[in-house]
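Values reported hereafter were calculated over all heavy atoms of this structure, with side chains retained and with hydrogens, waters and symmetry mates removed. Keep in mind that this is a model prediction, so the values were computed, not measured.
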Amino acid sequence: MGRIVHFGLGNFSRAHLLDYTADAGGWDVIGVSLRSAKVRDGLATQGFNYILNVQGEGLKPITILQNILIASDDMQKILEAMATADIISATVTEKGYHLDTAGKLDLKDCDIASDLKGYPLRTLIGFIAHDLATRSRPVTVLSCDNRVENGSSLRRAVADFAKAARLEIDWTQVRFPNAMVDRITPATTDAVRADCNDPMAVPTEAFREWVIENSFAGPHPDWPDVQFVEDVRPHELRKLRMLNGAHSFLAYAGLMQGYSYVHEAISDLRIRTKAKQLMLDAGATLPAEVRNQVPDYTKALLARFDNPELAHRLDQIAMDGSQKLPYRFLDTLREGGSPMLIQAVRAWMTFCQEQTEKGIPLYDPKAKEIAQAVNSERSETALLEVIGATDLAPTILG
Ligand code: CS2
């Protein structure tokens, strides 16, 4: 039996990697929570099993999780589990990579700085670097986060960390495949908990997609419907720029119009027209091999966003904008220069301004810098600086 040690037990991994791996069978998964013990506490009382409420398909018990370890309490146990794992995977969100706007590990970040001093470890990067410096068998490190070249970014972060911490890593026994992951997974509501009779239930759509670079250091589960490819980039750009890009636009434009959910924002004709235009403009920047998929993919995305039963909250998507905008809007804008993408960046800027003026704190690792930027004299330029978009100032600010 193979083993996965997975960092980040939010709803997304419980609806995606764990669901796929449960379908494959023959593997077990140990979860690691870097911060809160909430998911561990909730799942421990039910043997780490939970219900996946797959829309239109019914309730699916997921029984593949063996245990959840918490970084602050179980560091040694985590390192021991990692040492025998075939795959170390992660869904720690964009900010869990601690990369600066130039794509380098942010050595001044307080969690990274703490990990560089040594134990106890707090970050995914610190755990992986320490594991790789001591392990004696091959391992695949599989990022399942929404980032461009997520595997390569993670490798870079770990390499920067190892250099700064003077850890020697044998890179020949590790692979960091890039991967595109997709499944819309809203936060759990009381209604879902009641329907599933499970306080830890996870609601998700029936659609799921996973495209992984075929670069593993050892075995992997026989995941059904996963596409193994030489180059993930066209697939990840399609998904990140079109789906996630439109999502972020809907979040900022929708919240400012007083909507709470994706299906509400997308049914407002003005917002819908713009979201669709954004998808098409983003689609025009994609590599040739996926460009012919754009019309059908756009249609399919609109249908997924229309789904009222998902009850996908816009404020969930609006979080961490400083981490999301670079790959959702900025790269697209650099490659396409579309007026719609300019509007999308401007929607984020106005959202930041409105929230700050209302005294509502932003949920963003750069909330402080954003508030300072908003309150500064040249606030628009300063906001672009926070997201590493100074080069785009002439395009965006005109
Ligand atoms: C969303 C994503 O919260 C967000 O920012 O855009 O979580 C999105 O639902 C997933 O990437 C879909 O696969």
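- For the pair D28 and R3, the salt-bridge criterion is met [side-chain N within less than 4.0 Å of a carboxylate O].
- In summary, of the residues considered (I317, L314, L301), a side-chain contact (heavy atoms from CB on, under 4.5 Å) with H247 occurs for I317 alone.
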Open item on the list: Checking V262 against I184 for the side-chain contact (heavy atoms from CB on, under 4.5 Å) test, could you report, in this order, the C-alpha distance in whole Å, the side-chain angles of both residues, the deciding distance, and whether it holds?
Closed with: CA-CA 11 Å; V262 171; I184 296 175; over 6 Å; no
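- Closest heavy-atom contact between T91 and S13: OG1-CB, 3.3 Å.
- Cluster membership check: W171 shares its hydrophobic cluster with L124, using side-chain heavy-atom separations under 4.5 Å among Ile, Leu, Val, Met, Phe, Trp and Tyr.
- When the side chains of ILVMFWY residues are joined at heavy-atom separations under 4.5 Å, either directly or via intervening members, Y363 and Y259 end up in two distinct hydrophobic clusters.
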- [ ] Check the pair F161, H98 against side-chain contact (heavy atoms from CB on, under 4.5 Å), reporting the backbone distance first and the verdict last.
- [x] CA-CA 10 Å; F161 183 95; H98 304 281; over 6 Å; no
Task: Stepwise side-chain contact (heavy atoms from CB on, under 4.5 Å) check, L69 with I30 - done: CA-CA 8 Å; L69 303 169; I30 300 207; 3.9 Å; yes
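- For the atom pair CD of Q355 and CD1 of I370, the computed distance is 10.5 Å after rounding to the nearest 0.5 Å.
- T356 and N375 share no side-chain donor-acceptor pair at under 3.5 Å.
- Under a 4.0 Å N-O distance rule, the pair K95/D109 does not qualify as a salt bridge.
- Between F305 and H312, the ring center distance fails the sub-6.0 Å criterion.
- R328 and S248 are linked by a side-chain donor-acceptor pair at a separation below 3.5 angstrom, with hydrogens and angles left out of the test.
- Ion pairing between a basic and an acidic side chain is recognised when a charged N comes within 4.0 Å of a carboxylate O; D41 and K38 show no such pairing.
- Looking at T204, T185, T188 one by one, the single match for side-chain hydrogen bond (donor to acceptor under 3.5 Å, both in side chains) with N11 turns out to be T188.
- L17 is connected to F216 through a chain of hydrophobic side-chain contacts under 4.5 Å among Ile, Leu, Val, Met, Phe, Trp and Tyr, so both are in one cluster.
- Put simply, CD1 on I88 and CG on D86 are 10.0 Å apart, with the number rounded to the nearest 0.5 Å.
- Side chains of L237 and P287 form a contact here, defined as non-hydrogen atoms less than 4.5 Å apart.
- Here the closest non-hydrogen pair linking D198 and Y50 is OD2-CA, 3.3 Å.
- The environment of CG in N197 is sparse: at most 12 heavy-atom neighbours from other residues, nucleotides or ligands sit within 6.0 Å.
- Once rounded to the nearest 0.5 Å, the distance linking OG1 of T395 with CG of L330 reads 10.5 Å.
- Considering every non-hydrogen atom in both I70 and A37, the closest pair reads CD1-CA, 3.7 Å.
- V232 and V148 fall into different hydrophobic clusters, defined by Ile, Leu, Val, Met, Phe, Trp and Tyr side-chain heavy atoms under 4.5 Å apart, directly or through other members.
- Using a 30° and 60° split on the angle between ring planes, W223 and W210 fall in the tilted class, from 30° to 60°.
- Relative ring orientation between F127 and F7 is described as tilted, the plane-to-plane angle lying within the 30° to 60° band.
- To the nearest 0.5 Å, atom CG of residue L18 and atom NE2 of residue H16 are 11.0 Å apart.
- Other residues, nucleotides and ligands place more than 12 heavy atoms under 6.0 Å from the CZ atom of R291.
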- [ ] Could you walk me through whether D268 and Q257 pass the side-chain hydrogen bond (donor to acceptor under 3.5 Å, both in side chains) test, one step at a time?
- [x] CA-CA 10 Å; D268 177 319; Q257 286 297 312; over 6 Å; no
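- Ion pairing of R208 with D225 is present here, as a side-chain N (NZ or NE/NH1/NH2) and a carboxylate O approach within less than 4.0 Å.
- Judged by distance alone, the side chains of D364 and S322 do bring a donor and an acceptor atom under 3.5 Å apart.
- The hydrophobic clustering, which links ILVMFWY residues whose side-chain heavy atoms are closer than 4.5 Å, places F207 and V226 apart.
- Of the charged side-chain nitrogens involved, at least one lies within less than 4.0 Å of a carboxylate oxygen, so that D23 and K60 count as a salt-bridged pair.
- Under a 4.0 Å N-O distance rule, the pair R313/D315 qualifies as a salt bridge.
- Residue C196 comes nearest to L59 through the heavy atom pair SG-CD2, 3.7 Å, listed as atom of the first residue, atom of the second, then distance.
- Contact check for E309 versus H263: no side-chain heavy atoms found under the 4.5 Å cut-off.
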- [ ] Begin with the C-alpha distance, continue with both residues' side-chain angles, and end with the deciding distance and a verdict on ring pair (Phe, Tyr, Trp, His ring centres under 6.0 Å) for H220 and F228.
- [x] CA-CA 11 Å; H220 60 74; F228 294 97; 4.7 Å; yes
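- Judged purely by distance below 3.5 Å, without hydrogens or angles, the side chains of K239 and N146 pair a donor atom with an acceptor atom.
- The structure places CD1 of I396 at 12.5 Å from CD of Q343, a figure rounded to the nearest 0.5 Å.
- Side-chain contact annotation: Q55 with N307, donor-acceptor N/O pair under 3.5 Å present.
- Enclosure of atom CZ in R137 by more than 12 non-hydrogen atoms of other residues, nucleotides or ligands within 6.0 angstrom is indicated.
- I87 has its side chain within reach of P221: a pair of non-hydrogen atoms, C-beta onward, lies under 4.5 Å apart.
- The shortest heavy-atom contact between E264 and S260 is OE1-N, 2.8 Å.
- When all heavy atoms of E209 and R238 are compared, the closest pair comes out as OE2-NH2, 3.1 Å.
- Judged by distance alone, with hydrogens and angles left aside, the side-chain atoms of T84 form a donor-acceptor pair with the main-chain N or O of A81 at under 3.5 Å.
- Using a 4.0 Å cut-off between charged side-chain N and carboxylate O, D131 and R135 make a salt bridge.
- A 6.0 Å sphere centred on CG of D195 holds more than 12 heavy atoms belonging to other residues, nucleotides or ligands.
- At distances below 3.5 Å, not a single donor-acceptor pair connects side-chain atoms of S114 with backbone N or O atoms of C110.
- Under the 3.5 Å distance criterion, with hydrogens and angles disregarded, no donor-acceptor pair is assigned to the side chains of E149 and N178.
- Using a cutoff of 4.0 Å between basic side-chain nitrogens and carboxylate oxygens, R334 and D331 are scored as salt-bridged.
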